[in-house]
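In what follows, a structure is listed as C-alpha cells, so that the remarks can point back to it.
Only this structure's heavy atoms are used, side chains among them; waters, hydrogens and symmetry mates stay out. Being a predicted model, the structure only gives us computed values, none of them experimental.
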Amino acid sequence: MNVTRAVGLFVLVTATIVPFLGCGGEANSSITDLGAYSDQGPPDAAAAVDALDIGIEVPEKFDAAADHEPFVDPGEYDDGPADEAAAEDATMADIGADETGPDNSVPGDIGANDTSLDDVGSGDQGGDTGVEDTTADDGGGGEPIVGLPYPARDMYHIKGIQPDFWPNKDEFVNHVTGGVSMNMVWDIWEPTFKKPPCGGGYQEYDGHCFKVDKQVDDTIREYTKRGVIVTGIVYGVPAWARKGNTGCSPISPAFERFCTGDNPADYARFAGMIAMRYDGLHGNGRIADFVIHNEVNSNIWFDIGCGQGVACNKDAWIQTYVDDYAAAYDRIKSHQSEAKVLLSFDHHFDHEFDKPADQYPTLSVKTMVTTFAGLIGDRKWMIAYHPYGPDLLKPEFGPLDLPKVTYGNLGVLLGWLRQAFPDHPHAWEVELTESGINSSTPNSSEAAQADAVCRTFINVLGTPGVTNYIYHRMHDNAEEGELQLGLVRSDNTYKPAWAVWALCNHVFDNPPQLSCGFEDLPYTRLRRSVRNYTITVRHWTSSRLPPDGYVEEASWHLHRDPQPGTRLLFECLVEQIWPGPHTFLSFDVNCEGKVNLGPVGYIYENEAPGTVALYRCANLTGLDHFVSADAGCEGQKVEQLLGYALP
C-alpha cells in the first residue's frame, strides 16, 4: 500500500489507513463488565439500528464495575510496558554469552530436546514433546492423527472477534461467538536467545527458552474452556534472528519486527512451540488455526530487505515466504496434524498490484499464491484473507471493487481459487482473519458502520467456502486515530454496530433471533435484482448484495454446502454493456469466458420435494440475463434449466 507516514499503531495510506496488524494491539484503559442487554441505549444508537430495520435492540452503556482487572497493554506493538521490560531484564540477566544468538544448526528431530508440558511457573523442564502419545487412528485407514481432531464449526458460529483482551469472555459466548484471534508474537516470547535450564515462566522447546506471555496464555486457556476456536497469528521476528537482513527498511521502529529472519528454522521452532503448547492436551488450551506472518504480499509487513527506494526481487520475496511457511507448517503438523496453516493477505488481489519496485512495494494475491503453490509441494495450504473495503476509512464496498477483493466482491477470491487450483480442494476454503468497518467522521459514521457490519455478514454467508469471519476489533484504539473499527467506543460505551454484531446469530433463542443473512442458513439466498435505466433494464443475480441502484425482484435458496444430487453455481459478470453491467449464472468455473464473481450455492440437478425449477434467461437482444421460475422466461429467451432451488 502507498504509505506516506506512520502514526502510532497505524500507517496513513494514500486514500486509506492500514491498521497496525489489526489482529492485535490494545489501548491502555480500564475495561469492565458490559452489563445486561436491554432496549435502552444512546438515542443516536437506537435510531441508527432502527434504520437498519433488522429487529436488533441496542444495549445500554456497560457498568464500570470496580471488580475487574485493569486492561493491560501486552506490549505487542512496542518494547512492552516499563515494568514488563524491567522484569524481562532481570530474568534475562543470566543469559550472558547466549544473547549474541543461537547456532543456526537445528536438530532434525524436533523432539530431540526435552520440553516442558506443564503449566507456566511450574519450573519443571522435564518431558519430551509427547507427539507419539497424542496420536490416534483417523478411523479411515489413512495416516494417523497427531493430536486432536479439528474442532467442528457450524455456520451459525462463523462469527469471530479480535477480542482486545475483553475481560468478560462469557459475553462473547452468550452471543454465539465461534472464534477469536490471538497474536502470537515471537519477539515477545523470545526477545533474546536463552538456553536451558529455563526456570519458571518459560516454555522449553528444542534447546530454547520461550518467555510465556501470561496474558495471552490465560486468554487462550479460558476461551478453549468455553468452546471458542482460537486462531493464532504467528509473527514478529526478534532482533537476534534477523541480524543478516541489513537491507530491511521498516517505516517506523515499531515495524522492525516485520523484517524477515535469517533462518526459517528459527521461525519454525517458535511456531512448533506454540503448536505443542496449545495443542489442547496439556491444560493450556488450543490454537487450531495458525496464520503464518501477516499480510505477506505487502513489504510493510513482510520486508526481505527492500522497499523505500530499493526494488524488491519478486522471486526472492516469494521464496523467503515459502521457506518460512514450509518449515513452520511441518513443525505445526508434527504436533497437530489436523491444524490449519494459513497464508495471510491483504485485499490487493489482481495483477495491477504487482509493484515490487514501488516506494512501498506490493505483490498481488494472484501472483503470490500462484507462485507459492508451485513451490510448496503437497502441503495443504489455505488462505487467511483481509477483505477490508477499498478505502479503509469509508464504509462502502460493492461487487465491482476489482482489482481489490473486499467484502463487496468476496466471491471473486473463492471463484479464482477453484479456477486456479481445480485439483486442490484444500485451497477452496478461506478464513477471514482480520477486517472491520470504520465509524469515525468525516468519512463514515456509527450508523454507517452498523449498516455495513450487517452487509458484511450477508456477503460472507452468501459465499460458499468462507468458514471463519473474525471481525477486527472489539474496542476502539485511540492510537489508531481516525481509523475507529471497534464495536465499543473509547469511553467504553456501545456503538450501534455492537448490537448488530452481537445479536445477529442468536440461534439458541426461542424462537431464534437471526438477521444479516443468518436467517437464511443453512442456505444461501439467491437474489434477482434489477436496475431500471428508463430505456432498458439490467439484472443482477447473486447470493451477495448487488451494486447500488438495484432493487430485489425475487429470491430463492440454494445449499451453502454441497449435498447429494447438487451442483455448484457461479455468478458471472458481463462488464459494461451499455448502459451498465449485469450477471448470469453458470456451472462453468471459467464463467464462459467472463469474470467469475464467485460461487453462489448448490442447486439440485433433479426435482426434489419443496423445490421449484429455475431457468437461466436472456432478454431478446441478448444484452441482459436473469433467472426465473417461469419455464417460458417471462416471454424472453430460455437459455437453460439450471436445476431446482428451494423457494
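- Every residue two or more places apart in sequence or in another chain was checked for a ring pair (Phe, Tyr, Trp, His ring centres under 6.0 Å) with Tyr278, and none qualifies.
- For the atom pair Gln215 CD and Phe165 CZ, the distance stands at 4.0 Å (nearest 0.5 Å).
- Ionic pairing of Lys214 and Asp217 is not present here: no N-O contact between side-chain nitrogen and carboxylate oxygen is shorter than 4.0 angstrom.
- The side chain to side chain contact (heavy atoms under 4.5 Å, CB included) with Ser440 is formed by just one residue from the set Glu482, Glu446, Glu480, Gln449; it is Glu482.
- Between the Arg560 side chain and the Thr463 main chain, a donor and an acceptor come within less than 3.5 Å of each other.
- Proximity of Val234 to Phe270: side-chain heavy atoms (C-beta onward) are separated by under 4.5 Å at one or more points.
- A distance of 10.5 Å separates CD in Glu479 from OG in Ser490, rounded to the nearest 0.5 Å.
- Note that the OH atom of Tyr267 and the CG atom of Asp324 stand 6.5 Å from one another [nearest 0.5 Å].
- Contact check for Thr406 versus Leu410: no side-chain heavy atoms found under the 4.5 Å cut-off.
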Glu295 and Ser344: CA distance, side-chain angles, deciding distance, side chain to side chain donor-acceptor pair (under 3.5 Å) verdict: CA-CA 5 Å; Glu295 295 189 355; Ser344 173; 5.9 Å; no
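- By the 6.0 Å and 45° rule, Arg489 does not stack over the aromatic ring of Tyr494.
- Between the side chain of Asn299 and the main chain of Cys306, a donor-acceptor pair closer than 3.5 Å is present.
- Proximity of a side-chain donor or acceptor of Thr524 to a complementary backbone N or O of Gly462 within less than 3.5 Å is not detected.
- Val365 has its side chain out of reach of Phe353: every pair of non-hydrogen atoms, C-beta onward, lies at least 4.5 Å apart.
- In summary, the side chains of Glu434 and Tyr388 do present a donor paired with an acceptor at a separation below 3.5 Å, with no hydrogens or angles considered.
- Between the side chain of Lys495 and the main chain of Ala450, no donor-acceptor pair closer than 3.5 Å is present.
- Formation of a donor-acceptor pair under 3.5 Å by the Asn438 side chain with backbone atoms of Lys394 is not found in this model.
- Arg242 places no side-chain N or O within donor-acceptor distance of the main-chain N or O of Phe258, the cut-off being under 3.5 Å.
- The SG atoms of Cys248 and Cys259 lie less than 2.5 Å from each other.
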Check the pair Trp189, Ile274 against side-chain contact (heavy atoms from CB on, under 4.5 Å), reporting the backbone distance first and the verdict last. CA-CA 10 Å; Trp189 286 72; Ile274 294 295; 4.1 Å; yes
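- Gln308 places a side-chain N or O within 3.5 Å of a backbone atom of Ser249 that can act as its donor or acceptor partner.
- Tyr156 is linked by a ring pair (Phe, Tyr, Trp, His ring centres under 6.0 Å) to nothing, counting only residues two or more places apart in sequence or in another chain.
- Within the 3.5 Å criterion, the main-chain N or O of Thr320 finds no donor-acceptor partner in the side chain of Asp323.
- Pairing each heavy atom of Ile332 with each of Ala339, the nearest pair is CG2-CB, 4.1 Å.
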With salt bridge (Lys or Arg N to Asp or Glu O under 4.0 Å) as the test, would you mind laying out the steps for Lys333 and Glu338 before giving the verdict? CA-CA 7 Å; Lys333 291 286 191 173; Glu338 306 310 294; over 6 Å; no
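- Using a 3.5 Å distance cut-off with no hydrogens or angles, the side chains of Thr260 and Asn245 do pair a donor with an acceptor.
- Side-chain contact between Thr231 and Met182 is absent, with no heavy-atom pair separated by less than 4.5 Å.
- Judged by distance alone, the side chains of Asp401 and His347 never bring a donor and an acceptor atom under 3.5 Å apart.
- For the pair Thr219 and Tyr223, the minimum side-chain heavy-atom distance is below 4.5 Å.
- Remark: aromatic rings of Phe372 and Tyr325 are close, center separation under 6.0 Å.
- For the 3.5 Å distance criterion, the side chains of Ser181 and Gln162 fail to qualify, holding no donor opposite an acceptor.
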Before giving the answer on salt bridge (Lys or Arg N to Asp or Glu O under 4.0 Å), spell out for Lys404 and Asp350 the whole-Å C-alpha distance, their side-chain angles and the decisive distance to 0.1 Å. CA-CA 7 Å; Lys404 295 179 180 179; Asp350 223 333; over 6 Å; no
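- Between Phe345 and Tyr385, the ring centre distance reaches or exceeds 6.0 Å.
- Looking at Glu431, Lys159, His157, Glu429 one by one, the single match for side-chain hydrogen bond (donor to acceptor under 3.5 Å, both in side chains) with Asn468 turns out to be Glu431.
- In this structure, the side-chain hydrogen bond (donor to acceptor under 3.5 Å, both in side chains) partners of Trp186, at least two apart in sequence or on a different chain, are Glu190.
- Taking the six-membered ring where the residue is Trp, the centroids of Phe302 and Tyr321 are separated by under 6.0 Å.
- The ring of Phe255 has its center closer than 6.0 angstrom to the ring center of Trp301.
- Between Asp289 and Arg153, at least one side-chain nitrogen of the basic residue sits less than 4.0 Å from a carboxylate oxygen of the acidic one, meeting the salt-bridge criterion.
- The closest donor-acceptor contact from the side chain of Thr177 to the backbone of Val173 lies at 3.5 Å or more, if one exists at all.
- Each of Thr367, Asp346, Thr362 was compared with Asn297 under the side-chain hydrogen bond (donor to acceptor under 3.5 Å, both in side chains) criterion, and only Asp346 meets it.
- Taking OG1 from Thr371 and CG from Leu363, the interatomic distance works out to 8.5 Å, rounded to the nearest 0.5 Å.
- For the atom pair Ile233 CD1 and Met184 CE, the distance stands at 10.0 Å (nearest 0.5 Å).
- By the 30° and 60° cut-offs, the orientation of the rings of Trp498 relative to Phe172 is perpendicular.
- Disulfide status for Cys516 with Cys504: absent, SG atoms not under 2.5 Å apart.
- Scanning for salt bridge (charged side-chain N to carboxylate O under 4.0 Å, His left out) contacts around Glu222 gives Lys225, Arg226, with sequence neighbours left out.
- How far CG of Leu487 is from CG of Asp476: 8.5 Å, rounded to the nearest 0.5 Å.
- Here the side chain of Asp354 pairs a donor or acceptor atom with the backbone of Ser364 at under 3.5 angstrom.
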Evaluate Asp187 against Val237 for side-chain contact (heavy atoms from CB on, under 4.5 Å), listing each step before the verdict. CA-CA 6 Å; Asp187 64 347; Val237 181; over 6 Å; no
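- In this model, a donor atom of one side chain and an acceptor atom of the other lie less than 3.5 Å apart for Tyr469 and Thr456.
- Looking at residues two or more places apart in sequence or on another chain, you find a ring pair (Phe, Tyr, Trp, His ring centres under 6.0 Å) between His506 and His175.
- For Phe349 and Trp416, the ring centers are positioned less than 6.0 Å apart.
- For His426, the ring pair (Phe, Tyr, Trp, His ring centres under 6.0 Å) criterion is met by Trp381, His424, not counting sequence neighbours.
- Here the side chains of Asp213 and Val185 are not in contact, with every heavy-atom distance at 4.5 Å or above.
- Under the 6.0 Å distance and 45° angle rule, Lys340 counts as a cation-pi partner of Tyr150.
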